[in-house]
Amino acid sequence: MLYIRGTNNRYRMADEQDVIFEAIQIYNRYFSRGESLTSPDKAKDCIKLKLAPYEHEVFVCLFLDNQHRVIACDELFRGTIDGASVYPREVVKTALQYNAAALIMAHNHPSGISDPSQADRVITGKLKEALALIDVRVLDHFIVGENVYSFAEHGLL
């Protein structure tokens with residue numbers, strides 16, 4: 001059980017909304033501007049927190065500076081239960097707007113299966129090529145399902 005302090009300074013049992021609110025506060029602290037991503041697991045955990053609840057595909061990018069500190073975490077595209085259209089031009093434009101040196105991209109699979117599809121592999125390659133033209137490094141592409149799949153950990157970047 002989880003307890004929280006109420007406005008009257010008395011403790012009460014936390015409900016689901018309280019837990020979600022606190023989780024969002026933690027997420028926002030992790031991805032506040034200037035927070036350094038010191039490990040892939042830290043990025044995975046926060047991205048899973050952000051993407052797991054969606055019932056449709058959502059594609060996000062973490063834009064990073066040269067020291068891998070977070071500049072921004074933007075939700076760039078939304079789709080349906082089994083796909084989202086991702087446009088490299090828009091990712092490149094946003095990376096330039098933030099003057100990013102690197103990025104981590106991520107999307108969810110509402111089915112819960114985090115294995116990459118052929119379309120996931122193709123768009124990852126296209127994005128990596130497009131971003132290389134403007135000297136932005138792609139550090140990873142995470143797919144969130146019941147687990148988090150890392151393209152980098154599987155040698156696909």
Side-chain angles (χ1 to χ4, degrees), residues 1-87 90-117 120 123-124 127 131 136-154 157:
M1 285 191 217
L2 181 66
Y3 290 89
I4 60 169
R5 190 180 347 201
T7 54
N8 59 3
N9 281 334
R10 291 194 174 160
Y11 286 90
R12 63 178 175 79
M13 194 175 339
D15 61 19
E16 235 177 56
Q17 291 293 54
D18 294 323
V19 173
I20 291 169
F21 176 79
E22 289 303 320
I24 290 170
Q25 297 305 312
I26 292 167
Y27 171 84
N28 288 336
R29 278 196 306 274
Y30 271 119
F31 289 132
S32 62
R33 185 173 173 85
E35 181 71 22
S36 183
L37 294 180
T38 54
S39 75
D41 288 336
K42 183 176 178 182
K44 277 185 191 179
D45 289 344
C46 288
I47 287 171
K48 185 170 186 175
L49 175 65
K50 172 129 177 104
L51 294 178
Y54 286 110
E55 294 179 355
H56 55 277
E57 279 201 18
V58 175
F59 185 92
V60 300
C61 284
L62 285 170
F63 297 96
L64 310 170
D65 67 11
N66 274 327
Q67 310 305 307
H68 298 169
R69 292 178 301 212
V70 176
I71 298 169
C73 178
D74 282 7
E75 181 182 309
L76 296 178
F77 308 103
R78 285 178 172 246
T80 62
I81 60 169
D82 62 355
S85 295
V86 176
Y87 302 98
E90 295 303 314
V91 177
V92 169
K93 279 175 38 178
T94 307
L96 287 169
Q97 286 172 345
Y98 286 122
N99 198 28
L103 66 76
I104 296 171
M105 48 191 155
H107 74 282
N108 64 319
H109 281 176
S111 67
I113 299 167
S114 57
D115 295 331
S117 66
D120 294 333
I123 196 61
T124 301
L127 286 166
L131 290 159
V136 174
R137 295 179 316 279
V138 175
L139 302 180
D140 212 333
H141 182 172
F142 295 130
I143 300 175
V144 176
E146 289 180 20
N147 300 306
V148 180
Y149 184 95
S150 164
F151 274 63
E153 287 176 358
H154 288 87
L157 278 182

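This structure is a prediction, so every number in the text was calculated from the model and none was measured.
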Heavy-atom pair of closest approach, residues Asn108 and Val58 = OD1-N, 2.6 Å

If you measure only the distance, is there a donor-acceptor pair under 3.5 Å linking the side chains of Ser150 and Asp140?
-> yes

Residues pairing under salt bridge (charged side-chain N to carboxylate O under 4.0 Å, His left out) where one sits in residues 74-86, two or more places apart or in two chains, turn out to be Glu75-Arg78

Heavy-atom distance under 4.5 Å between the side chains of Leu64 and Val70, does that happen here?
-> yes

Aromatic contact, Tyr3 with Tyr11 (centres under 6.0 Å) | no

Between Phe77 and Phe59, what is the ring plane arrangement, given parallel below 30°, perpendicular above 60°, and tilted in between?
-> tilted

Residue pair Glu146 / Ser114, side-chain heavy-atom distance below 4.5 Å | no

Asp120 side chain to His107 side chain, donor-acceptor N/O pair below 3.5 angstrom = yes

Would you call Thr94 and Cys61 a side-chain contact if the rule is heavy atoms closer than 4.5 Å?
-> no

Take Val92 and Leu131, measure what side chain to side chain contact (heavy atoms under 4.5 Å, CB included) needs, and give me the verdict at the end.
-> CA-CA 6 Å; Val92 169; Leu131 290 159; 4.0 Å; yes

Report the C-alpha separation of Asp41 and Lys44 in whole Å, then their side-chain angles, then the decisive distance to 0.1 Å, and conclude whether the side chain to side chain contact (heavy atoms under 4.5 Å, CB included) test is met.
-> CA-CA 5 Å; Asp41 288 336; Lys44 277 185 191 179; 4.2 Å; yes

Begin with the C-alpha distance, continue with both residues' side-chain angles, and end with the deciding distance and a verdict on side chain to side chain contact (heavy atoms under 4.5 Å, CB included) for Leu127 and Leu103.
-> CA-CA 11 Å; Leu127 286 166; Leu103 66 76; over 6 Å; no

Worked check of side chain to side chain contact (heavy atoms under 4.5 Å, CB included) between Met105 and Leu76 = CA-CA 10 Å; Met105 48 191 155; Leu76 296 178; over 6 Å; no

Any chance CG of Leu96 has more than 12 other-residue heavy atoms, nucleotides or ligands included, within less than 6.0 Å?
-> yes

